[in-house]
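What you see below is based on every heavy atom in this structure, not just the backbone, and it leaves out hydrogens, waters and symmetry mates. Read the numbers this way: they start at 1 and go in the same order the structure lists the ligands and their atoms. Since the model is a prediction, treat every value here as computed from it, not as a measurement.
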Amino acid sequence: MKLVFLGPPGAGKGTVANAVISALGIVQISTGDLLREAVKQGTDLGRKAKAFMDAGALVPDDLVINLLKERISKPDCAKGFILDGFPRTIPQAEALEKAGVGIDKVVNFVLADSVIIRRLSGRRIHRQTGKIYNVNPGGYPAPPQGMAESDLIQRDDDKPEAIRNRLAVYARQTQPLIAFYSSRGLLADINAALEIDDIVGELKPILGF
Ligand code: AP5
């Protein structure tokens, strides 16, 4: 099964993908995670991508398309995958089609900007484990009691100016993919404002698990 999780930044694509991959028996591929790893390792790609990412802009299509093609050629992708954050432009979607990657379903995460801004402002990454927490009052998932605040880091692009830019970039460059996939009969909308368990419940009949 080959799935695309489409939606604005902070809509919960990564969180929901992580919650359903074991039931589906497929892997999650986040181009954001792959790019952040390249930055961390200081590779040539990482050096080229960093400034775009910190500003909340998209990394150039050719770089991301090559990265994605290489990743989906790995053996662990044989049973299928969830593309989390790819494609993000029409040329990226066209590159998938040209490469003969047939997508079975595109899940479109629908969420208001006000909720996105709140969620992203509260998102933190645990330095040691890479796990994602949310420090907003009532945020999901809350950091465990006793976890040191200094161990929770904020992504550079989760700061207010970068969030605003990411939302504008989404509207301009990624939203056209809704019509692109809708015209191919692949799109399923999901209310991303629900709690995670309810989103997973809504996905069960759509994805058949
Ligand atoms: P990327 O890492 O893909 O960022 P994004 O799409 O902006 O997505 P996020 O990871 O911010 O959000 P998400 O939807 O996964 O939400 P999450 O589950 O974490 O990309 C980063 C950058 O890399 C881009 O800006 C670009 O520069 C570059 N890039 C990546 N792919 C590219 C591409 N294809 N082309 C070009 N450039 C590319 O949830 C957010 C928060 O909300 C968390 O704290 C979570 O705990 C919480 N939460 C989630 N769901 C719920 C819920 N239901 N209820 C309450 N809280 C929730």
Side-chain angles (χ1 to χ4, degrees), residues 4-20 28-39 45-46 48-69 71-72 82-93 95-96 107-113 115-126 130-143 152-159 161-175 177 190-203:
V4 167
F5 278 12
L6 178 67
K13 304 179 296 293
T15 305
V16 175
N18 194 42
V20 298
Q28 169 190 9
I29 299 175
S30 156
T31 40
D33 286 348
L34 294 175
L35 288 165
R36 276 186 290 278
E37 187 56 30
V39 171
L45 168 67
K48 286 180 184 152
K50 188 175 185 325
F52 294 102
M53 296 175 75
D54 287 350
L58 293 185
V59 173
D61 283 336
D62 55 336
L63 298 179
V64 188
I65 289 167
N66 287 336
L67 176 73
L68 194 275
K69 279 190 186 165
R71 177 65 187 88
I72 61 177
I82 295 176
L83 299 183
D84 159 13
F86 186 98
R88 252 178 161 96
T89 63
I90 298 281
Q92 290 180 18
L96 269 185
V107 178
N108 179 35
F109 286 64
V110 181
L111 192 64
D113 282 4
V115 184
I116 291 171
I117 291 166
R118 190 179 141 73
R119 278 192 190 168
L120 287 181
S121 314
R123 177 166 61 183
R124 298 290 184 277
I125 300 163
H126 187 234
K131 277 195 77 170
I132 291 178
Y133 297 102
N134 202 295
V135 296
N136 287 334
Y140 173 89
L152 292 170
I153 44 180
Q154 188 175 33
R155 272 169 50 174
D156 283 333
D157 62 351
D158 278 349
K159 296 185 176 149
E161 203 188 315
I163 295 175
R164 275 194 297 276
N165 198 27
R166 286 160 71 197
L167 286 171
V169 165
Y170 171 77
R172 199 170 55 241
Q173 293 182 266
T174 307
Q175 227 165 11
L177 289 172
I190 201 92
N191 175 3
L194 299 175
E195 293 193 2
I196 291 293
D197 288 350
D198 295 328
I199 297 175
V200 172
E202 286 209 356
L203 280 175

**OP:** May I ask which of Arg118, Glu195, Arg119, Gln92 has a heavy atom nearer to atom 52 (C) of ligand 1 than the others do?
**Re:** Arg119

Subject >> Main-chain N/O of Gln173 paired with Thr89 side-chain donor or acceptor, under 3.5 Å >> reply: no

**OP:** If you have a sec, work out which protein heavy atom is nearest atom 37 (N) of ligand 1 and how many Å separate them, to one decimal?
**Re:** Val59 N, 3.0 Å

Subject >> Ile117 and Leu167, any side-chain heavy atoms less than 4.5 Å apart >> reply: yes

Subject >> Side chain proximity check, Tyr140 to Thr15, heavy atoms < 4.5 angstrom >> reply: yes

Original post:
Is it true that Ala55 lies under 4.0 Å from ligand 1, counting heavy atoms only?
Top reply: no

**OP:** Work out which heavy atom in Ala49 is nearest to a heavy atom in Leu35; give both atom names and the distance.
**Re:** CB-CD2, 4.0 Å

Original post:
Which protein non-hydrogen atom lies closest to atom 9 (P) of ligand 1, naming both residue and atom, and how far is it?
Top reply: Arg123 NH1, 3.4 Å

Subject >> Polar side-chain atom of Lys50 near backbone of Ala38 as donor-acceptor pair, under 3.5 Å >> reply: no

Subject >> Under 3.5 Å: N/O of Leu194 near N/O of ligand 1 >> reply: yes

Original post:
What part of Phe109, side chain, backbone, both or neither, has a heavy atom within less than 4.0 angstrom of ligand 1?
Top reply: neither

**OP:** Please work out which of Arg124, Lys131, Lys13 has its closest non-hydrogen atom nearest to atom 13 (P) of ligand 1.
**Re:** Lys13

Subject >> Option with minimal heavy-atom separation from atom 38 (C) of ligand 1, where the choices are Leu35, Asp61, Asn165 >> reply: Leu35

Subject >> Closest approach of any protein heavy atom to atom 31 (N) of ligand 1, naming residue and atom >> reply: Thr31 OG1, 2.8 Å

Subject >> Geometric N/O contact Gly85 with ligand 1, under 3.5 angstrom >> reply: yes

**OP:** May I ask you to identify the nearest protein heavy atom to atom 7 (O) of ligand 1, giving residue, atom name and distance to one decimal place in Å?
**Re:** Arg166 NH2, 2.6 Å

Subject >> Which residue and heavy atom of the protein sit nearest atom 45 (C) of ligand 1, plus the separation >> reply: Tyr140 O, 3.6 Å

Original post:
Would you call Arg166 and Asp158 a salt bridge, taking side-chain N to carboxylate O under 4.0 Å as the test?
Top reply: yes

Subject >> CZ on Arg118 to CG on Asn136, rounded to 0.5 Å >> reply: 4.5 Å

Subject >> Test log, rule side-chain contact (heavy atoms from CB on, under 4.5 Å), inputs Ile72 and Leu83 >> reply: CA-CA 10 Å; Ile72 61 177; Leu83 299 183; 4.3 Å; yes

Subject >> Heavy atoms from other residues, nucleotides or ligands near NZ of Lys159 exceed 12 (cutoff 6.0 Å) >> reply: yes

Original post:
Relative to each other, are the rings of Tyr133 and His126 parallel, tilted or perpendicular (30° and 60° limits)?
Top reply: perpendicular

Original post:
CG/Asp62 to CG/Leu67 distance, rounded to the nearest 0.5 angstrom?
Top reply: 11.5 Å

Original post:
Atom CZ of Arg71 and atom OG1 of Thr31: how far apart are they, to the nearest 0.5 Å?
Top reply: 12.0 Å

Subject >> Nearest neighbour in protein (non-hydrogen) for atom 15 (O) of ligand 1 >> reply: Gly14 N, 2.9 Å

Original post:
When you measure from atom 44 (O) of ligand 1 to every protein heavy atom, which one gives the shortest distance, and what is it?
Top reply: Asn134 ND2, 2.8 Å

Subject >> Contact atoms of ligand 1, heavy-atom distance to Gly10 under 4.0 Å >> reply: 8 (O), 9 (P), 11 (O), 12 (O), 13 (P), 14 (O), 16 (O), 40 (C)

Original post:
With side chains defined as the heavy atoms from C-beta onward, is the minimum distance between Val64 and Phe86 less than 4.5 Å?
Top reply: yes

**OP:** For Tyr133, counting its heavy atoms only, list the atoms of ligand 1 lying under 4.0 Å from any of them.
**Re:** 44 (O)

Original post:
Who gets closest to atom 32 (C) of ligand 1 by heavy atom: Arg36, Gln28, Arg88, Met53?
Top reply: Arg88

Subject >> Under 4.0 Å to a heavy atom of Val64 - the qualifying atoms of ligand 1, by number >> reply: 33 (C), 34 (N), 35 (N), 36 (C)

Original post:
With atoms numbered from 1 as shown, which atoms in ligand 1 lie under 4.0 angstrom from a non-hydrogen atom of Asp157?
Top reply: 21 (C)

**OP:** Kindly confirm or rule out an N or O of Ile199 lying under 3.5 angstrom from an N or O of ligand 1.
**Re:** no

Original post:
With a cut-off of 4.0 Å, which atoms of ligand 1 are near a heavy atom of Ala11?
Top reply: 14 (O), 16 (O)

Original post:
Nearest to atom 49 (C) of ligand 1, what protein heavy atom do you find, and at what distance?
Top reply: Thr15 OG1, 3.6 Å

Original post:
Out of curiosity, Asn108 CG to Phe5 CZ, how far, rounded to the nearest 0.5 Å?
Top reply: 11.5 Å

Original post:
Hey, looking at atom 25 (O) of ligand 1, which of Ala192, Ala57, Pro9 has the closest heavy atom?
Top reply: Ala57

